[in-house]
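Below: one structure, written as structure tokens.
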Amino acid sequence: MDSICHMQSEEKRRHSSRRRPSSSIIATILWHQLLGMKSITVAAGGPIMFARRQPRKPLHYRYPHSGLTEFCRAAVGRISGIAFASPARSTSSTYRSYDITERYVSCSSCAPSQIMRSNITSRERCKQEYMKCFTRNFSTPLFLKRGETTTEINERNWQSFSDELNETLELPAISVPAQHVHWLLSNKDSPVKPFLATGMAELEGVHPKIKIVRDCNGRPDGDTEKVYHDGQKPQRRKRILLDSNVALGENSKEGNSLRRSSTDRLSELTQQLPGVPESVLQRLVEEFEVTYGEPEFIDVLYQNQPITRILSKVLPPEAQPPPSSYEQIGHVAHFNLRQTHIPHGKLIGRVLLDRLQPSIRTVVNKLGEVGGPYRTYQMDLLAGEDDYFVRVIEHGVSLFFDLRNVYWCTRLEGERTYMIENEFKPNQLVADAFCGVGALCIRAAAAKGCRVLANDLNPDAVTYCEDSAKRNGIDVGENGKFQVQCGDASQFIMNLGIDMSDSSSAEDTGVSNLPDHLLLNFPLDSPSFLNALRWWPSGENNIESPPRVHVYTFARGDEVRTAAEVAIDMVADGLLPEGGYVEPSKFRGEYLNEELGCNIEAREIRDAAPGKLVICVSFSVTPVLLRRMQGDYGLD
């Protein structure tokens, strides 16, 4: 063997009494001189000595057991790879051999100059800071080869690597009089606030959150250490945990350091917390009687870690970065995995299912695009139950439907809330030509008492909409305030005008009984349905509140127009098509507003794809607009 990592038993015995985290992970950093190494021999814990291929003075570092967020110290320089080995726990000094030629993670973006600080004088501290810079930006998958056997994490065995997934953090602390703790943590002018452990990337997303105020000496009974100051006056103190990146030196025992002078206390803090400016430490000592506190070892179990962090550890390099989001629909978690993630979909599903049960019972991946007359898509079951009938609760309204048979988008919840709070008025008549399972219609009826006329081409969606409305206590039926029908959207819009103009209760204008709002939420082709408005009665010019139409459509900006302006032109072309033109007109919104009084406006709803937006175009159906659509160009 050309290069060997030696573990010295004498050093191991000397440090065996030190407190060690529970995880048994050993991480070995390989710089470019060691890439040709075939295997290393390690033992469970103790110091590690690196030897180069050429005989040189070895680099000697202490390395007790640690979690995934801590690594062996390596020479300051570019890191070429990293491999994990996890020996079984044993009190013996038996050496274990691992082949580490399987997988590596490259690190070339961090340079030693990026982490050099003026107050870091020792080479050892610089190395430690460099390793922390590395661990904050890179995650390593757990692919292990033990002897002749390669162990690869998959959906069946990933939980057996819980020791490797768990993390142990060593957080430095300062000892503070109890009466100052609240001010130091909550006041915006607190000098210690930028250095608190709550700002650590390693603790982001950890649930439940780590408590950063601890008792001195870790007393479990909740009592605090009493330190005697001038005049032998007892003083209750607490420890505040800091970001691990501010402490790079050897830890010292916490004690009655208030008996020492403020200069000695400042010197100790400067030595132990080199990442905190000396001016901040001086203020803490002089104004708040702060001393250096005993560090805290915190075990972060994988059950408490965010899902993305777990996936970053178990997925191979080609699947990095891991999926960062999913959509929850009732008890179903819905992924839209990239091609690099699809081969590992079962593992992703099992991790998510384990972490989020029982609220999540089924994990699926979307296959292909939304398509077909009913805007549905195929799904692949990744983990859990083969059950797709969900109950979605949205602002107190329960919706029931089979996810396989209808279209649903959780991201439109905010838009539905906007329409109910800003557009709809109590007891108005709302017509929805593409109602789907009825989320907006049912919420409008429940929250504002609106009368609803709903329609959808999908018979399953109509059934679910009607059933959900009944379950929410809404009067459904021909004589009720909530009516649902299945049919073509153009015919539905057309019938609104025909039925209302023929109604015996209609006024002479024939417009007052039209819906107050008409929704066309079919972004793929909504503007093409607007020509059905020409069947509405034009009425007279004295309409106080003409119907308001809300059209949702996809749009992309071009060289001269924004996406919103393009969407307005699409709506204008749907209302008043231009015939015989060589090039279509642009900026037609001005004509609709100034000549026809439509009060047209557009809002960006969400991104559908890079450069492709969903736009909601709203306009008023004025009598003059209807006459133009009906071919009446006489005097208004």
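Between Leu315 and Pro323, the shortest heavy-atom contact is CD1-CD, 4.1 Å. Nearest heavy-atom pair across Leu241 and Leu171 is CD1-CD1, 4.0 Å. Ala197 approaches Leu203 most closely through the heavy-atom pair O-CD1, 3.3 Å.
Arg265 has no carboxylate O lying under 4.0 Å from a charged side-chain N of Glu289, or vice versa, which leaves the two without a salt bridge. A salt bridge does not link Lys313 with Glu164: none of the charged nitrogens is closer than 4.0 Å to a carboxylate oxygen.
With sequence neighbours excluded, the residues that form a ring-ring contact (aromatic ring centres under 6.0 Å, His included) with His180 are Phe288. Evaluation of the ring-ring contact (aromatic ring centres under 6.0 Å, His included) rule for Tyr552 yields no partner, not counting sequence neighbours. Residues meeting the ring-ring contact (aromatic ring centres under 6.0 Å, His included) test with His334, sequence neighbours left out: Tyr377. Not counting sequence neighbours, Gln303 has no partner by the side-chain hydrogen bond (donor to acceptor under 3.5 Å, both in side chains) test.
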Task: Candidate pair Glu167 and Arg309, rule salt bridge (Lys or Arg N to Asp or Glu O under 4.0 Å), full reasoning - done: CA-CA 11 Å; Glu167 300 178 4; Arg309 188 186 301 182; 3.2 Å; yes
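Using modelled atom types, one finds a donor on one side chain and an acceptor on the other under 3.5 Å when comparing Thr410 with Glu327.
For Glu204, the CD atom counts as loosely surrounded, since its 6.0 Å shell holds 12 or fewer non-hydrogen atoms of other residues, nucleotides or ligands.
Applying the salt bridge (Lys or Arg N to Asp or Glu O under 4.0 Å) rule to pairs touching residues 345-362 yields Arg361-Glu385, Arg361-Asp387, sequence neighbours excluded. Residue pairs meeting the ring-ring contact (aromatic ring centres under 6.0 Å, His included) criterion with at least one member in residues 186-210: none, sequence neighbours excluded.
In this structure, CG in Leu356 is found 4.0 Å from CD1 in Ile307, a value given to the nearest 0.5 Å.
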